[in-house]
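Because the structure is predicted, anything quoted here is derived from the model rather than measured. Whatever order the structure lists them in is the order used to number ligands and atoms, beginning at 1.
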Amino acid sequence: MNVIQLAQMLEFPQHGDDRGHLVVVEGIKDIPFDVKRIFYIYGSDKNIIRGQHANKKTEFVLINVVGSSKVKVNDGKGNEAVFTLNRPHTGIYLPKMIWKDMYDFSEDSVLLCLASEQYDSSEYIRNYDDFLKAVNIQE
Ligand code: TYD
């Protein structure tokens, strides 16, 4: 299976009742990794493109807990897919070694990101040509 096929939407258990909604995301159970880090992105304008990197080690799950955004993934081998995040009980799983752009943020967007690793800037590939070289050497 190539990395584009691994990138997929996930739907999380909802425990809504007349008091409101509660969504659960448990490491290993609801997503394929244990969560070591969370961060969230908000206040990005509609014309901003974030991400634009790949990670050598880290897997992510991205959830628009408020508002919406889009995520474009690219495997560096000609395969691309676009996902819309617009429901607080769904997210996208992103495997390692996939190039990702996050864009088209709604004004109220709060994008929650769950990560399999603690932050290490050296495992981020931020240059697209370096990414192309890395994925095409791996074969
Ligand atoms: P960046 O990776 O550019 O964000 P995005 O994934 O949206 O493109 O990160 C923005 C800044 O925040 C950058 O200076 C690195 C820093 N940062 C951390 O210190 N720890 C983290 O876990 C993350 C994701 C970013």
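- Side-chain atoms of Val25 and Leu114, non-hydrogen and from C-beta on, do get closer than 4.5 Å to each other.
- Nearest to atom 3 (O) of ligand 1 by heavy-atom distance, out of Arg50, Glu117, Arg126, Gln52, is Arg126.
- Where the criterion is an N or O separation shorter than 3.5 Å, residue side chain and backbone included, Met102 fails it with respect to ligand 1.
- Surrounding NE2 of His21 are at most 12 heavy atoms belonging to other residues, nucleotides or ligands under 6.0 Å away.
- Proximity to Arg37 (heavy-atom distance under 4.0 Å) selects the following atoms of ligand 1: 21 (C), 22 (O), 23 (C), 24 (C).
- Looking only at distances, a side-chain donor or acceptor of Asp17 sits under 3.5 Å from a matching main-chain atom of Arg19.
- With respect to atom 6 (O) of ligand 1, the closest heavy atom belonging to the protein is His53 NE2, 2.9 Å.
- Inside a 4.0 Å radius of atom 11 (C) of ligand 1 there is not any protein heavy atom.
- For the atom pair CZ of Phe39 and CG of Leu112, the computed distance is 9.0 Å after rounding to the nearest 0.5 Å.
- Between Tyr124 and His53, the ring center distance clears the sub-6.0 Å criterion.
- Note that atom 14 (O) of ligand 1 has no protein non-hydrogen atoms nearby, at separations under 4.0 angstrom.
- Under a 4.0 Å criterion applied to the non-hydrogen atoms of Ile41, ligand 1 contributes the atoms 7 (O).
- A salt bridge between Asp101 and Arg50 is absent, with no side-chain N of the basic residue lying under 4.0 Å from a carboxylate O of the acidic one.
- The residue Gln118 has no part lying near ligand 1, judged by heavy-atom distances below 4.0 Å.
- Contact check on Asp75 versus Lys77 returns no salt bridge, with no Lys/Arg side-chain nitrogen under 4.0 Å from an Asp/Glu carboxylate oxygen.
- The shortest contact between atom 8 (O) of ligand 1 and any protein heavy atom is with Gly51 N, 2.8 Å.
- With Phe60, Phe39, Tyr119 as candidates, the residue nearest to atom 20 (N) of ligand 1 on a non-hydrogen basis is Tyr119.
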